[in-house]
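Reviewing the structure listed below.
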Amino acid sequence: MKKYDIIMMGHVSKDIMIYPDINEEQRFTAGPVVYSSASASQTGAEVLVVTKAAREDWKDIEYIRGKNIDLKIIESPLSTSIENIYLSADREKRKVTLLSSAQPFTEKDIPAEETKIFHLAGLFRDELPETL
């Protein structure tokens with residue numbers, strides 16, 4: 001069994017970014033668990049990312065796997081998806097809408113691997129229940 005410096009749990013999000021002021025839309029798969037794991041891996045830390053998503057979206061999540069980052073995807077009926085409509089040119093004001101959510105994590109989703117740090121990188125309420 002591999003030992004990790006950090007295990008990170010959180011939903012990856014299919015983000016829709018809408019910029020009405022420049023009539024542009026961007027779509028990508030990201031979220032706190034992606035950004036945190038990328039940063040941690042750059043320090044040399046060995047990281048395991050645990051996320052939940054619908055099977056049809058797994059291909060869009062595989063990019064997370066890389067140098068010092070392993071990935072465990074748990075199947076969920078839905079993936080998390082968020083729409084952000086930016087209401088100001090400085091991007092300080094936005095309307096955030098949760099379009100869909102992967103299933104919340106449970107104790108059985110906690111990996112058996114050893115780790116020094118367990119990082120809960122959630123996006124929305126109930127994704128990582130307080131009991132976890």
Side-chain angles (χ1 to χ4, degrees):
M1 185 177 314
K2 187 170 178 178
K3 294 181 182 181
Y4 291 94
D5 296 306
I6 306 170
I7 294 177
M8 298 185 178
M9 288 180 74
H11 289 170
V12 172
S13 176
K14 295 171 16 178
D15 289 338
I16 303 166
M17 314 299 262
I18 300 171
Y19 308 97
D21 62 318
I22 59 172
N23 196 28
E24 185 177 311
E25 180 179 303
Q26 293 178 329
R27 292 176 180 254
F28 51 88
T29 303
V33 76
V34 173
Y35 303 126
S36 297
S37 62
S39 296
S41 74
Q42 292 301 305
T43 70
E46 291 290 330
V47 180
L48 172 62
V49 171
V50 181
T51 193
K52 288 190 171 190
R55 187 169 290 278
E56 65 262 18
D57 295 319
W58 288 16
K59 65 188 178 324
D60 298 324
I61 297 170
E62 282 294 329
Y63 81 93
I64 297 167
R65 191 183 313 275
K67 184 180 177 190
N68 301 337
I69 301 176
D70 290 338
L71 176 63
K72 178 182 178 185
I73 306 171
I74 300 168
E75 189 169 3
S76 174
L78 298 171
S79 294
T80 296
S81 183
I82 300 167
E83 178 184 74
N84 293 284
I85 301 174
Y86 289 89
L87 305 172
S88 63
D90 64 5
R91 310 295 184 243
E92 291 295 320
K93 295 178 185 167
R94 64 182 167 172
K95 178 183 175 193
V96 179
T97 304
L98 179 61
L99 302 174
S100 62
S101 183
Q103 291 176 321
F105 289 96
T106 66
E107 283 188 33
K108 71 179 177 90
D109 299 323
I110 298 172
E113 285 83 2
E114 235 180 274
T115 187
K116 297 175 188 174
I117 298 170
F118 207 90
H119 179 94
L120 301 177
L123 285 163
F124 285 93
R125 181 180 27 180
D126 298 329
E127 173 183 341
L128 299 155
E130 288 183 34
T131 57
L132 195 61

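Note: hydrogens, waters and symmetry copies are ignored here, and every other heavy atom, side chains too, is used. Remember, it's a predicted structure, so these values are computed and weren't measured experimentally.
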If I compare all heavy atoms of Leu128 with all of Met9, which pair ends up nearest, and what's the gap?
CD1-O, 4.0 Å
Please walk me through it: do Val50 and Ile110 pass side-chain contact (heavy atoms from CB on, under 4.5 Å)?
CA-CA 8 Å; Val50 181; Ile110 298 172; over 6 Å; no
Once side-chain hydrogen bond (donor to acceptor under 3.5 Å, both in side chains) is applied, what residue pairs with a partner in residues 30-44 remain, sequence neighbours excluded?
none
Using atom types as modelled, flag every donor-acceptor pair under 3.5 Å from a side chain in residues 118-127 to any protein atom, sequence neighbours excluded.
{"residue": "Glu127", "atom": "OE1", "partner": "Leu123", "partner atom": "N", "Å": "2.7"}
{"residue": "Glu127", "atom": "OE1", "partner": "Phe124", "partner atom": "N", "Å": "3.4"}
{"residue": "Glu127", "atom": "OE2", "partner": "His11", "partner atom": "N", "Å": "2.4"}

How many angstroms lie between atom CE of Met17 and atom CD of Glu25, to the nearest 0.5 angstrom?
11.0 Å
Can you name the side-chain hydrogen bond (donor to acceptor under 3.5 Å, both in side chains) partners of Glu113, sequence neighbours left out?
none
Just jot down the side-chain hydrogen bond (donor to acceptor under 3.5 Å, both in side chains) partners of Thr51, sequence neighbours excluded, or say none.
none
Would one find more than 12 heavy atoms of other residues, nucleotides or ligands at under 6.0 Å from atom NZ of Lys2?
yes
Closest non-hydrogen atom pair, Ile7 against Thr115
N-OG1, 3.3 Å
Could you state the interatomic distance from CG (Leu98) to OG (Ser13), rounded to the nearest 0.5 Å?
8.0 Å
Give a yes or no on whether Gln26 atom CD has more than 12 heavy-atom contacts from other residues, nucleotides or ligands under 6.0 Å away.
yes
Go through the structure and list residues passing side-chain contact (heavy atoms from CB on, under 4.5 Å) with Thr106, not counting sequence neighbours.
Lys108, Asp109
State plainly whether one hydrophobic cluster holds both Leu48 and Ile73, where clusters connect Ile, Leu, Val, Met, Phe, Trp and Tyr through side-chain heavy atoms under 4.5 angstrom apart.
no
Could you list the residues that satisfy side-chain hydrogen bond (donor to acceptor under 3.5 Å, both in side chains) with Lys72, not counting sequence neighbours?
none
Are the side chain of Asp5 and the backbone of Glu46 linked by a donor-acceptor contact shorter than 3.5 Å?
yes
State which residues pass side-chain hydrogen bond (donor to acceptor under 3.5 Å, both in side chains) with Asp90; sequence neighbours excluded, sorted by chain then number.
Ser88
Do Val12 and Ile82 land in one hydrophobic cluster if side-chain heavy atoms of ILVMFWY residues count as linked below 4.5 Å?
no
Residue pairs passing the ring pair (Phe, Tyr, Trp, His ring centres under 6.0 Å) test with at least one member in residues 56-91, sequence neighbours excluded, are Tyr19-Tyr86
Rounding to 0.5 Å, atoms CD1 (Ile117) and CD1 (Ile6) come to a distance of 4.5 Å
Check Ser79 against Ser100 and note the closest heavy-atom contact, atom names and distance.
O-OG, 2.6 Å
Going by the rule side-chain contact (heavy atoms from CB on, under 4.5 Å), which residues pair with Ser76 if we only count those two or more places apart in sequence or in a different chain?
Lys52, Ala102, Gln103
Sequence neighbours left out, what passes ring-ring contact (aromatic ring centres under 6.0 Å, His included) with Tyr4? Give chain and number order.
none
With sequence neighbours excluded, tell me which residues meet side-chain contact (heavy atoms from CB on, under 4.5 Å) with Pro20.
Ile18, Ile85
Smallest separation among heavy atoms of Gly10 and Val33, with atom names:
O-CG1, 3.7 Å
Contact check, side chains of Asn84 and Val96, non-hydrogen atoms, under 4.5 Å
yes
Could you name each residue pair satisfying salt bridge (Lys or Arg N to Asp or Glu O under 4.0 Å) that touches residues 54-68, not counting sequence neighbours?
Lys14-Asp57, Arg55-Glu75, Glu62-Arg65
Nearest heavy-atom contact between Ser81 and Ile16 is OG-CD1, 4.4 Å
Is the number of heavy atoms from other residues, nucleotides or ligands within 6.0 Å of CD (Glu107) greater than 12?
no
Closest non-hydrogen contact found for Asp15 with Ala30 is OD2-CB, 4.2 Å
